[in-house]
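Below is one structure, written out as structure tokens; comments come after it.
FYI, side chains are in, hydrogens and waters are out, and symmetry mates aren't considered; it's all heavy atoms of this structure. In what follows, chains are A, B, ... by sequence order, proteins preceding strands, each numbered from 1.
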Amino acid sequence: MLSNEEVTADGRSERGNFPVFRRPLTQWMMRITAYADRLIDDLDRLDWTESLKQMQRNWIGRSTGARIGFSVGDETVEVFTTRPDTLFGATYMVLAPEHPLVDALTADAWPDGTDPRWTGGAATPAEAVSAYQRQASRRSELDRQTEGRDKTGVWLGVTAVNPVNGRELPVFIADYVLTGYGTGAIMAVPGEDTRDWEFSEVFDLPVVRTVQPPADFDGGAYTGAGPMINSSNEEISLDGLDKATAIATITEWLIEHGHGEATTTYKLRDWLFSRQRYWGEPFPIVYDENGLPVAVPESMLPVLLPEVDDYSPKTFDDDDADSAPEPPLSRATEWTTVELDLGDGPKKYRRETNTMPNWAGSCWYYLRYLDPSDDEQMVDPELERYWLGPREDGDVGGVDLYVGGVEHAVLHLLYARFWHKVLHDLGYVSSEEPFRRLVNQGYISAFAYTDERGFYVPAAEVVEKDGRFFFEGNPVNREYGKIGKSLKNMVTPDEMIGAYGADTFRVYEMSTGPLEQSRPWETKAVVGSQRLLQRIWRVVIDEQTGAVRATDVEPDEDTLRVLHRTIAGVRDGVTTLRFNIAIARITELTNHLTSVYGAETPVPRSVAEPLVLLVAPLAPHIAEEMWARLGHDESSAWHPFPVADERWLVDDTVEVAVQVNGKVRAQVSVPADADTAALEAAARADERIAGYLDGATVRRVVAVPGRLVNFVLG
RNA sequence: GCGGGAGUGGUGUAACGGCAGCCACGCCAGACUUAGGAUCUGGUGCCUUCGGGCGUGGGGGUUCGAGUCCCCCCUCCCGCACCA
């Protein structure tokens, strides 16, 4: 049993990639749809990436439009449309094959002269309908994709009446109308809808344009903007109006005449919350002798899982679409049958045997982290306010920074927002959102290689020669993709930690690029990070003796400048989550120290200690070891992180570029605080620049202190 | 099709609108070594007549100045996809 969000585009399970079948069952659902508007609207108040917000918006799929009733015989069929303005262009109507009114509407016989394309070759409408329904139900999501989008359908043998102009509209069923969205029925407007146009081509249905296409338009359906045409009856005319005005006008008319109403629909479905697994929170629900559910009272909570011999869920063949799912708990009969006094005396009850999905825990664990040992309440409200509460009016609150993969976009990240809002509404939390700021880390991917037959070969055994790649002497093609067994490009953290250590592994992963970016793993490049850590070690510790090399000598000014620039750079890199920048700055400092203080010269302690502290968040193990050897009893984590001294961030003199017409022609050295006049004077004094300016008209001089001088010649 | 993101050396990447390529991998050379897949030093965008010229996917624009801002196009990646 899975929720919609857990089913992939190919109709398989997100975890395990098993085939998924649809079956009607009675299950517990969460009314997430009641929160659809707030889940969309509050996205604007979150510090999340635009793409992730957009994924949630699309998944919730809010559309505003109108519900319109069409009479078909004695029945009224409601359709949903986002384009009520095109109502005059409706020329037929389509119901989903599973629409509940289909049987009631279907005519007894085809009228004389029925187009053979409309009957599906059946003798009667009822036969055509049942044959088509059977065919549609067999078509899985995957089939629909692979079979393309050729429009199919059959006529019910009846017509509906367009309320706005009395036009008779033939009523079809077709699988391009989905039963789960809107009302499961549409008014078809081939003139302004691409899918309706395609259907009208197959079934030879009339087209009435109601939006004037541009003069040079020669396509089918016109979905762009333009003035309304062909849209009037005795009471109302939309002709000449723009889309927004036309929608407002016709909607008002429909309401006035009782033909419809303005409405909003969502793609989001309610959330199926029952699973047939042992390992999950049991529902605090029992069923009485009439089979009606009763909530277990708070005094009897929590309901704990029973000890069982067999935890495994019942397994089925991959192609077994008919078996009923069977929860493992249903076999624990001594647990499922209980006698409880729920207020009206002891009675026998049967426990709910489904369990909750993993999301039940991930939806609130971050709240529990605030108050993990509290056995009275989920979280102390004061602690929640302190850590997650809103900081000013309109602030949604939530966790300061949440780092996670984008694969949770419409799963965990949507579910947790929903739960959090429910908890907020119930008064348990002051924050309106669980995660104030969200950063998606990129995937680490890797190169993979295929031989000439197209089979993947073990990436670790491929060798490069002159820019080409070989496996066992044979040339192979290089591809790029997710790390995994199927591409034979697996690299496990354990292997890397075994070969290089956990610190090197961390530093390498952080140094290859920005956190948010996906980037390739390259095992041969890991040595770079290992060399860096080894160089840092040798700066602080004598490799031969293990003694500390740092002494109380004074660093030279140059070293102080590099140190403080490094501190500023690392702070910047760490706070902006660009760890690659922090590591580059640390590398610069290390390279500087290696070249200035060779193997023999003692390194100033006042430089070595900040270096170790800067390294500590990135490579904690080696940093702690160095910190201890430097004579500290406590972890470096308790020591304040270094702060850059402004004094050493500015140079006395700076090199500025001198440009002539935007091209760099010279470098001049000037005092760091030289003003524009001094800059220009220094630039003019340069021999080369003087040569360029000689005899030329200087039209303009742009001097930016500390940066450059640009002479614009006329 | 719709939505989101990205194109910079051989590679991963870096650059408040101000000297394109920090740092690293790789490669080249040298030093030290019995040895090197160790360490250290130097070099490494392309072209060059050695003056310099050209370079951030392509084309235009704004600006004294554009990888960065604006417009058009191309390519790639990700998400959704018959959602009325």
Practice task
Taking only the side-chain nitrogens and oxygens of A:Arg700, find out if one of them lies under 4.0 Å from OP1 or OP2 of B:C64.
Solution key: yes
Handout entry: Value in whole Å for how far the C1' atom of B:C80 lies from CG of A:Leu52
Key = 13 Å
Practice task
Name the nucleic acid region contacted by A:Ile581, choosing base, sugar-phosphate or nothing; use a 4.0 angstrom heavy-atom cut-off, strictly under.
Solution key: sugar-phosphate
Practice task
For A:Lys243, look at atom NZ and say whether over 12 heavy atoms of other residues, nucleotides or ligands are found less than 6.0 Å away.
Solution key: no
Problem - Exercise: do A:Tyr266 and A:Asp37 side chains pair donor with acceptor under 3.5 Å - result: yes
Problem - Base of B:C19 paired with side chain of A:Gln667 (donor-acceptor, under 3.5 Å) - result: yes
Practice task
Using the P atoms only, state how far B:U75 lies from B:G57, rounded to an integer number of Å.
Solution key: 16 Å
Completion exercise
Side-chain atoms of A:Gln659 come closest, of B:C23, B:A84, B:C19, to B:C19
Handout entry: Polar contact flag, side-chain donor to acceptor under 3.5 angstrom, A:Asn489-A:Tyr449
Key = no
Handout entry: Side chains of A:Ser63 and A:Tyr181, donor plus acceptor under 3.5 Å
Key = yes
Practice task
Whole angstrom is fine here: how far is it from CZ in A:Arg519 over to P in B:A6?
Solution key: 16 Å
Exercise for the section: Taking only the side-chain nitrogens and oxygens of A:Asn580, find out if one of them lies under 4.0 Å from OP1 or OP2 of B:C23. Expected result: no
Handout entry: Pairwise P distance, B:U13 and B:G3 [rounded to whole Å]
Key = 27 Å
Handout entry: Syn-anti status, with the boundary at 90° from 0, for the nucleotide B:G51
Key = syn
Problem - Under 3.5 Å side-chain donor-acceptor pair for A:Asp270 and A:Thr33 - result: yes
Practice task
Rounded to whole angstrom, note down the C1' distance from B:G65 over to B:G18.
Solution key: 7 Å
Handout entry: Residue-phosphate contact under 4.0 Å: A:Ser518 side-chain N/O, B:C78 OP1/OP2
Key = no
Practice task
Go through the side-chain N and O atoms of A:Asn591 and A:Arg535 and say whether any donor and acceptor fall under 3.5 Å apart.
Solution key: yes
Exercise for the section: Name the closest nucleotide to the A:Lys524 side chain, picking from B:G26, B:A84, B:C22. Expected result: B:G26
Handout entry: Value in whole Å for how far the C1' atom of B:A6 lies from CG of A:Asn440
Key = 15 Å
Handout entry: P-based separation of B:A66 from B:G55 [nearest Å]
Key = 12 Å
Practice task
Classify the nucleic acid contact of A:Gln517 as base, sugar-phosphate or nothing, counting any heavy atom under 4.0 Å across all strands shown.
Solution key: sugar-phosphate
Problem - With A:Phe88, the side-chain contact (heavy atoms from CB on, under 4.5 Å) member among A:Val208, A:Val189, A:Val164 - result: A:Val164
Practice task
Figure out the CD/P separation between A:Gln441 and B:C78, and round it to whole Å.
Solution key: 17 Å
Exercise for the section: Starting from the C-alpha separation in whole Å, work towards a yes-or-no answer on ring pair (Phe, Tyr, Trp, His ring centres under 6.0 Å) for A:Phe203 and A:Phe172. Expected result: CA-CA 10 Å; A:Phe203 291 86; A:Phe172 290 81; 5.4 Å; yes
Handout entry: Per A:Pro520 side chain, nearest of listed nucleotides B:C19, B:G12, B:C82
Key = B:G12
Exercise for the section: Scan nucleotides 28-53 of chain B nucleotide by nucleotide, 5' to 3', and note B when protein non-hydrogen atoms come under 4.0 Å of the base, S if they reach only the sugar-phosphate, - if neither. Expected result: ----------SSSS----------SS
Handout entry: Euclidean distance for P, B:C70 against B:A6 (whole angstrom)
Key = 12 Å
Problem - Heavy-atom side-chain proximity of A:Val656 to A:Val654 below 4.5 angstrom - result: yes
Fill in the blank from the handout: Here the distance between atom C1' of B:C77 and atom CZ of A:Phe447, to the nearest Å, is 14 Å
Exercise for the section: May I ask you to say what A:Val664 touches in the nucleic acid, namely base, sugar-phosphate or nothing, with a heavy-atom cut-off under 4.0 Å? Expected result: sugar-phosphate
Problem - Ring centre gap for A:Tyr508 and A:Trp521 strictly below 6.0 Å - result: yes
Practice task
Check RNA chain B against residues 704-713 of chain A and give the residues with a non-hydrogen atom under 4.0 Å, in numerical order.
Solution key: A:Val704, A:Arg707, A:Leu708, A:Asn710, A:Val712
Handout entry: A:Val177, nearest nucleotide to its side chain (from B:A14, B:A84, B:G26)
Key = B:A84
Practice task
Examine the side chains of A:Tyr132 and A:Thr152 and answer whether a donor and an acceptor come within less than 3.5 Å of each other.
Solution key: yes
Fill in the blank from the handout: Nearest-nucleotide check on RNA chain B, A:Gly662 vs A:Ile186; residue mapping nearer the 5' end is A:Gly662
Exercise for the section: Considering only atom C1', compute the distance from B:C82 to B:C69 and round it to an integer number of Å. Expected result: 40 Å
Exercise for the section: Among B:A84, B:G5, B:A24, find the nucleotide with the atom closest to the side chain of A:Thr82. Expected result: B:A84
Exercise for the section: Report which part of the nucleic acid A:Arg62 touches: base, sugar-phosphate, or nothing (heavy-atom distance under 4.0 Å, all strands). Expected result: nothing
Exercise for the section: Would you indicate, yes or no, if B:C22 has its OP1 or OP2 atom less than 4.0 angstrom from a side-chain nitrogen or oxygen of A:Arg578? Expected result: no
Practice task
For B:U41 versus B:G53, give the span between their P atoms, rounded off to a whole number of Å.
Solution key: 34 Å
Problem - Pairwise P distance for B:C74 and B:A29, with rounding to whole Å - result: 46 Å
Practice task
Classify the side chain of A:Arg585 versus the base of B:C23 as yes if they form a donor-acceptor pair under 3.5 Å and no if they do not.
Solution key: no
Handout entry: Phosphate OP1/OP2 of B:C80 contacted by A:Gln54 side-chain N/O (<4.0 Å)
Key = no
Problem - Any donor-acceptor N or O pair under 3.5 Å, side chains A:His99, A:Thr179 - result: no
Handout entry: Contiguous pairing runs of three or more, Watson-Crick or G-U under 3.5 Å, that involve RNA chain B
Key = B:1-7 with B:74-80, B:10-12 with B:23-25, B:26-31 with B:39-44, B:45-47 with B:52-54, B:57-61 with B:69-73
Practice task
Spell out, as yes or no, whether a donor-acceptor pair under 3.5 Å connects the side chain of A:Glu192 to the backbone of A:Thr210.
Solution key: yes
Problem - Heavy atoms from other residues, nucleotides or ligands near CD of A:Glu50 exceed 12 (cutoff 6.0 Å) - result: yes
Practice task
Answer with base, sugar-phosphate or nothing: what part of the nucleic acid does A:Ser63 contact at a heavy-atom distance below 4.0 Å?
Solution key: sugar-phosphate
